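Every chain is numbered from 1 and lettered A, B, ... according to where its sequence line falls, protein lines coming before strand lines. Here the structure is a predicted model, which is why all the values come from computation and not from measurement.
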Number of protein chains: 2
Amino acid sequence: MRPRLKDVAELAGVSIKTVSNVVNDYPHVSDETRARVEAAIAELSYRPNLSARSLRAGRSGVVALAVPDLDNPYFAELATNVIEAADRRGWTVLIDQTQGDRAKERVVISGIRDHLIDGLLFSPLALTAKDLAGRDEGTPMVLLGERIGTGRSPYDHVGIDNVAAARAATLHLAERGRRRIAAIGVQRTAVAVTGRLRLKGYQQALAEAGVPADPSLVAPVARWGRADGAEAMSRLLDSGAPDAVFCFNDVLALGALRTLLKRGYEVPGDVMVMGFDDIEDGRFATPTLSTVAPDKALIAQSAVDLLAERLSGGTDKAHEVCVPHRLAFRESTDLPGKGHSRTLN
Amino acid sequence: MRPRLKDVAELAGVSIKTVSNVVNDYPHVSDETRARVEAAIAELSYRPNLSARSLRAGRSGVVALAVPDLDNPYFAELATNVIEAADRRGWTVLIDQTQGDRAKERVVISGIRDHLIDGLLFSPLALTAKDLAGRDEGTPMVLLGERIGTGRSPYDHVGIDNVAAARAATLHLAERGRRRIAAIGVQRTAVAVTGRLRLKGYQQALAEAGVPADPSLVAPVARWGRADGAEAMSRLLDSGAPDAVFCFNDVLALGALRTLLKRGYEVPGDVMVMGFDDIEDGRFATPTLSTVAPDKALIAQSAVDLLAERLSGGTDKAHEVCVPHRLAFRESTDLPGKGHSRTLN
DNA sequence: TACCTGTTTTACAACGATGTAACGAACTGA
DNA sequence: TCAGTTCGTTACATCGTTGTAAAACAGGTA
């Protein structure tokens, strides 16, 4: 069917290995032989069989990226960055969606596909430290997002300082004079680490700003989707009358924004809205969405670099990379009369 | 390093093939032997090597999905659906981003990775019929989105009736009394098939509704991103004074919406906005975005099914699947006083 | 006992590519 | 002329799995 080294070799009148040497650019091949082989390769339009190569080499050139859900623009943007960074190293990316489901996340780390992939970039949501500990260390794995568990993990990790970021975001709202600052995004599940860290930053900021913490202003959600944000905002408006809301990610914030506008509130006048992630949607919402902007390109690049280092057998101790973030102040937290809502990007 | 069939066989005291038989659930293995082998598998936590398997079987269980850009929510949602549909068949999906770049799209069909994947689902933007014709038919490919070229193509294809959809969308605007209906999304490049089809539908609708076509109301864009939509809308407002705008996809529409609101126009009062794709963002924009809603899940499912049929050596002639779409009327094209903006989903 | 039937298990050869080691040929220098 | 050194090329084994065909075994019949 498809041409193999053998077919090329026969056509060129050389041995299989010589063709292999040409394909792999080995030095000691005479110009004349090389030309003949290349002609044969072109004529048959030969392409190496990657399965055979990876069987032989023990490497496939494929890495897996496991994320909860590509529908969430944050993960879509992250995936884009990862694919680009992997591309620069000649790797191909295979994508798994876990839906943040613990069973699926376990499958991802179970190593079922370890022989197909050289490494794993994993952004877990529901996984526990125990799940992780049970993994037999086969293919290298780099964790994205939250650290799991409190102890030392044998895995490389890339994340941001969620507490500091959430604290800064909340402080920003307090500095603009808001006193009833709500939070949307805590989850009731035991494993929602990210949410807890952002809540912690939120609480720290309130204490620091001397704003009394009102538990009724903390709105739990089941998941981090637009509908959840919209629904949580609705509950907050019915009960707590906030004058600002810090949402633990941007899609929650866009959902909350939708509810506010639909119910006739002015944003930022009546209620300021702050998000987290800096997805593109937020930059084109009306009002544009203030947010915490993690350096997604750097997260992806760092993760790929860490994986590469581990693949080349480099380090033994686990690396911790904390990627910087910045705050993007846009219209949704703009003070009236300052008149620069349109100049901020 | 990792256990192989051989290791399991030695531990269980049977031959390699017997272990293989157990792993593959072959019938003629005695219960006692099976139990012993399974114990050994568990003890060593053996996992089959997929590279070897796919070398042997000529199948890898991996299919590639090539899309322009995961950042575009339409493709992210499509990818989600494809991954789910593939999952149901036990396939893994590997994702390529082409950026709509012709050179990258050529690489995708060049077959460089054909040995790694069993099939290809490809949503091309810039590819020409000539590029396609030059492909040596190795792994099966299903095209998503537009048909390429006019002649008969040897490839299966899944798409929607763009002309009809665009026509219906535009007619909807005309029926609501708008006469200066703009269009955003035509592209100057020779290969932008989708844009041309939607333009055709737009023009047909104008003719049908007896609305004179004003070329100054057709705004070209370089790409189909939010920023392009925003910028095109700005140009339209400066020159043409439209009272409605049909955008060839939702992110263009969201960009246009942003410009309208920023410049103080009322939507839908002053200008109605209609999109195409039905991405989730549009359902949470304010106003919510009317749009053409293709059945993305069915697109993904059909594509995967077609691929499966081809993989099982089924058909020889190319299939054409036209997936139905519906129109989602939301607030951005709502007539004032009708009072049902909130009941429409 | 010899023979057949059917089940269970095994040895062996692929799949396609590449590292190793060895080979012949063409040179060098004594 | 011959050993020693390159250089270019090759045969072979191997990566881990599975299809094929045959061997081993058990049970039943003549």
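Side-chain polar atoms of Asp131(B) and Thr128(B) form a donor-acceptor pair below 3.5 angstrom. No side-chain N or O of Asp305(A) forms a donor-acceptor pair with one of Ser302(A) less than 3.5 Å apart. In this structure, a donor-acceptor pair under 3.5 Å is absent between the side chains of Ser54(B) and Ser60(B).
The shortest side-chain heavy-atom distance between His157(B) and Val321(B) does not fall under the 4.5 Å cut-off.
Heavy atoms only, all atoms of each residue included: Ala126(A) and Asp101(A) are closest at CB-C, 4.4 Å.
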What string of B, S and - do you get for nucleotides 6-18 of chain D, 5' to 3', if B is base contact, S is sugar-phosphate-only contact and - is no contact with any protein heavy atom under 4.0 Å?
-> --SBBB-BBBBBB
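Listed by first and then second residue, the salt bridge (charged side-chain N to carboxylate O under 4.0 Å, His left out) pairs that reach into residues 12-33 of chain B are Asp25(B)-Arg34(B), Glu32(B)-Arg36(B), sequence neighbours excluded. Screening residues 53-69 of chain B for salt bridge (charged side-chain N to carboxylate O under 4.0 Å, His left out), with sequence neighbours left out, gives no hits.
Scanning for side chain to side chain contact (heavy atoms under 4.5 Å, CB included) contacts around Leu44(A) gives Pro3(A), Asp7(A), Val8(A), Leu11(A), with sequence neighbours left out.
Taking every nucleotide of DNA chain C with any atom under 4.0 Å from a non-hydrogen atom of chain B, the first and last of them, 5' to 3', are dT8(C) to dG16(C).
When Thr80(B), Ile160(B), Asn81(B), Val82(B) are each tested for a side-chain contact (heavy atoms from CB on, under 4.5 Å) with Lys296(B), only one passes: Asn81(B). Paired with Leu65(A) under the rule side-chain contact (heavy atoms from CB on, under 4.5 Å), one option of Leu144(A), Asp96(A), Ile83(A) passes, and it is Leu144(A).
Helix bend of the helix from dT1(C)-dA30(D) to dA30(C)-dT1(D): the angle between its two end axes, each built from five pairs, comes to 70° after rounding to 10°.
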